[in-house]
Protein chains: 2
Amino acid sequence: MTTLLLKKKAIRKSGAAPIYVQVAEILDAEIKLHDDSTLSLPSEGELSREFGVSRVTVRQALKQLEARGVIYSAHGRGYFKKLSRMRGLSGFHSFTSEVRKLGGEPGSIIVDYADARKLPGDFRKHLQAGGDDNNDFICLRRMRTIDGNAIAVETVYLPKSLYPSASRDQFDDASLYAQMTETWGIVPAWTDALFEPTAATSEEAGLLGIEKGAPVLVVWRATVTDTDQVVEYVKSIYKGDGFMLSVSRYRL
Amino acid sequence: MTTLLLKKKAIRKSGAAPIYVQVAEILDAEIKLHDDSTLSLPSEGELSREFGVSRVTVRQALKQLEARGVIYSAHGRGYFKKLSRMRGLSGFHSFTSEVRKLGGEPGSIIVDYADARKLPGDFRKHLQAGGDDNNDFICLRRMRTIDGNAIAVETVYLPKSLYPSASRDQFDDASLYAQMTETWGIVPAWTDALFEPTAATSEEAGLLGIEKGAPVLVVWRATVTDTDQVVEYVKSIYKGDGFMLSVSRYRL
DNA sequence: GAGTGGTCTAGACCACTCG
DNA sequence: GAGTGGTCTAGACCACTCC
């Protein structure tokens, strides 16, 4: 059991982000550097003194990390690094970075890029999107590959109002999530998903290089910010038999 | 827009549960009574006065409800009831109560009940369970039905040490989750899941009343408490084509 | 400007773990 | 008993919304 050493990074008191966010980010970054599975954090009191902030504020940072699943607390013992049980693609985060983390080479091929006035009926039905929602969408359709093998077809509807002056080449090979935050300052916070096991249609089979009727997983998703603004509607079709999607640390 | 009225339920100051938990539960219960989709809550200050507790404590309760997805906060405006976008079975909470909420009649048939010394290999492989984990399990296999129609087969491994003197008839028709908390005081907090779209084997097909090779969804799950104790390992096989599983409010 | 949530503080007491 | 996290308080100031 090793203990996290603090680099005494400065907290900007009257700066941009709230103090507890700064503290959380510093700790998060340092924790991730340790491969060590048995890592303990300094106590609340110690952190409070080190950073020169109140214990309540330190606690707020720690609770945020706990909610994210980065650490856990043990009454009377301390805070410890949490190890994640699952591996595999979640389909919820950045495809690009998830695949890289698993040691594969992610690929993305734009199959279609167009404007759309309305969300298709099946999207509205499954994702309970109101018709009076944001009108005008960008519709992006991409093939997803790992090491050159097709594993999914993804159709994304982006409310146009949130993505000013977006163009096709911006989505070429990059991660959509990275784009969202870097270019447009949109931070995805929650997602709602619907999983439907079904048989591949001939079109899907063609794209994924499988036989018609082979098992696939259709995932419908709506992603929202902390203020409940929908940033994307997604329909993904994943190849079955051997491929797995993971949902880790789902709060019950 | 209606506002939540308070019934001035008494808070037991030095009683069992922490005050913020009591406040959260009172509010949660009252919120759920309102079908009203546009429901606003009393302000933090008002709740603080009503309940006779500090604003920080009220806030802790509200934040807990926000994390659960029951309400959301709007800076400078107040707290509001959150409407859930998704419908459908999540497979993560109580099957019994979820189906009832959807207006169906849930059924459960025990197919098998036995002791097991070890977790099967495929469970260990998919759920990354260490071999030196809790040994000795109860293995429970149940058919899940809605209005008499089979929709899933579920195999659960329960670490025996956590469920003293458990017997087959306890699981007969009841919700396992309700049992966990009521009988053994076990509170599930997080779950990790793996989704695998695949084709039904002949055994699965027989149980679910579908054809061999028809699409099904295999879900592997490990459920843990807040202190990271595994309370169950589950393998569920869901019938495909038309049936959907939902994962709502997943924190990204 | 009044009211709301967002953040922060200093200090207190309790419950749990470990030596 | 010393150290840890868990809960709670009273009071303060800021940022945002709405009138």
Side-chain angles (χ1 to χ4, degrees), chain A residues 1 3-4 11-25 27 38-67 70-82 187 189 225-229, chain B residues 1 3-4 11-27 38-67 70-82 185 187 189 225-229:
Chain A
M1 175 71 70
T3 306
L4 191 66
I11 301 285
R12 290 162 305 169
K13 282 262 178 174
S14 57
I19 296 176
Y20 77 93
V21 173
Q22 296 181 49
V23 172
E25 270 166 20
L27 291 176
T38 58
L39 178 68
S40 71
L41 272 65
S43 73
E44 292 180 352
E46 206 164 330
L47 289 170
S48 166
R49 286 188 297 277
E50 291 280 355
F51 286 113
V53 300
S54 80
R55 191 183 147 207
V56 179
T57 304
V58 163
R59 215 176 140 71
Q60 199 174 0
L62 290 169
K63 287 301 148 194
Q64 199 185 52
L65 291 178
E66 192 175 21
V70 178
I71 59 174
Y72 67 93
S73 70
H75 197 170
R77 297 201 298 125
Y79 287 88
F80 305 90
K81 175 178 180 178
K82 181 147 213 158
V187 184
T225 63
D226 259 328
T227 55
D228 236 18
Q229 200 168 28
Chain B
M1 173 72 69
T3 306
L4 191 67
I11 300 284
R12 291 162 304 168
K13 283 264 179 173
S14 57
I19 296 176
Y20 78 94
V21 173
Q22 296 182 49
V23 172
E25 269 165 20
I26 291 172
L27 291 176
T38 58
L39 178 68
S40 71
L41 272 65
S43 72
E44 293 180 352
E46 208 165 328
L47 289 171
S48 167
R49 287 188 296 278
E50 291 280 356
F51 286 113
V53 300
S54 80
R55 191 184 149 208
V56 178
T57 304
V58 163
R59 213 175 142 72
Q60 199 173 359
L62 290 168
K63 287 302 148 193
Q64 198 185 51
L65 291 177
E66 192 175 22
V70 177
I71 59 174
Y72 67 93
S73 70
H75 198 170
R77 297 202 297 126
Y79 288 87
F80 305 91
K81 175 177 180 178
K82 177 146 215 159
V187 184
T225 62
D226 258 328
T227 54
D228 235 20
Q229 200 168 29

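In what follows, chains carry the letters A, B, and so on, assigned in the order in which the sequence lines appear, proteins first and then strands, with residues in each chain numbered from 1.
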Self-check item: Atom-pair distance (CD on A:E44; P on C:dG11), nearest Å
Solution: 17 Å

Exercise. Sort out the partner of D:dC16 for me: Watson-Crick or G-U wobble, both distances under 3.5 Å, none otherwise.
Key: C:dG3

Quiz item: Using a cut-off of less than 4.0 Å, is there contact between a side-chain N or O of B:Y20 and OP1 or OP2 of D:dT7?
Solution: yes

Quiz prompt | Of A:H75 and B:V21, the one whose closest DNA chain D nucleotide lies more 5' | solution = A:H75

Practice problem: Considering non-hydrogen atoms only, spot the tightest contact between B:T3 and B:L41 and give its length. | Solution: CG2-C, 4.4 Å

Quiz item: Over how many whole Å does the gap from A:I71 atom CD1 to D:dT4 atom P extend?
Solution: 15 Å

Self-check item: Closest-nucleotide 5' rank along DNA chain C - winner of A:A74 and A:V56
Solution: A:V56

Exercise. Taking all heavy atoms of A:V53 and all of A:S48, pick out the closest pair and write down the distance.
Key: O-OG, 2.7 Å

Exercise. Using whole Å, report how far OH of A:Y72 lies from P of D:dT4.
Key: 17 Å

Exercise. Kindly say if B:K63 contacts the phosphate of C:dG6, meaning a side-chain N or O under 4.0 Å from OP1 or OP2.
Key: yes

Quiz item: For A:L47 and D:dG3, what is the distance between atoms CG and C1' respectively, to the nearest whole Å?
Solution: 14 Å

Quiz prompt | Least distance between heavy atoms, B:A24 atom then B:L65 atom | solution = O-CD2, 3.8 Å

Quiz item: Does B:S43 put a side-chain nitrogen or oxygen below 4.0 Å from OP1 or OP2 of C:dT4?
Solution: yes

Quiz item: So does B:Y79 get a side-chain nitrogen or oxygen closer than 4.0 Å to the phosphate oxygens (OP1/OP2) of C:dG3?
Solution: no

Quiz item: Does OP1 or OP2 of D:dG5 have a side-chain N or O of A:R77 closer than 4.0 Å?
Solution: no

Practice problem: Please report the closest heavy-atom contact between B:E44 and B:L62, naming both atoms and the distance. | Solution: CG-CD1, 3.8 Å

Quiz prompt | Distance in angstrom units between B:F51 CZ and D:dT9 C1', rounded | solution = 17 Å

Quiz item: Does C:dT4 have OP1 or OP2 sitting under 4.0 Å from an N or O in the side chain of B:S73?
Solution: no

Quiz prompt | Between D:dG5 (P) and A:Q60 (CD): distance, integer Å | solution = 17 Å

Quiz prompt | Nearest non-hydrogen partners of B:Y20 and B:T57, listed with the distance | solution = CB-O, 3.7 Å

Quiz item: To the nearest angstrom, how far is B:E66 atom CD from C:dG5 atom C1'?
Solution: 10 Å

Self-check item: Pairwise 5' ranking along DNA chain D for A:R59 and A:E46, keeping only the more 5' one
Solution: A:E46

Practice problem: To the nearest Å, give me how far apart CZ (B:R55) and P (C:dG5) are. | Solution: 7 Å

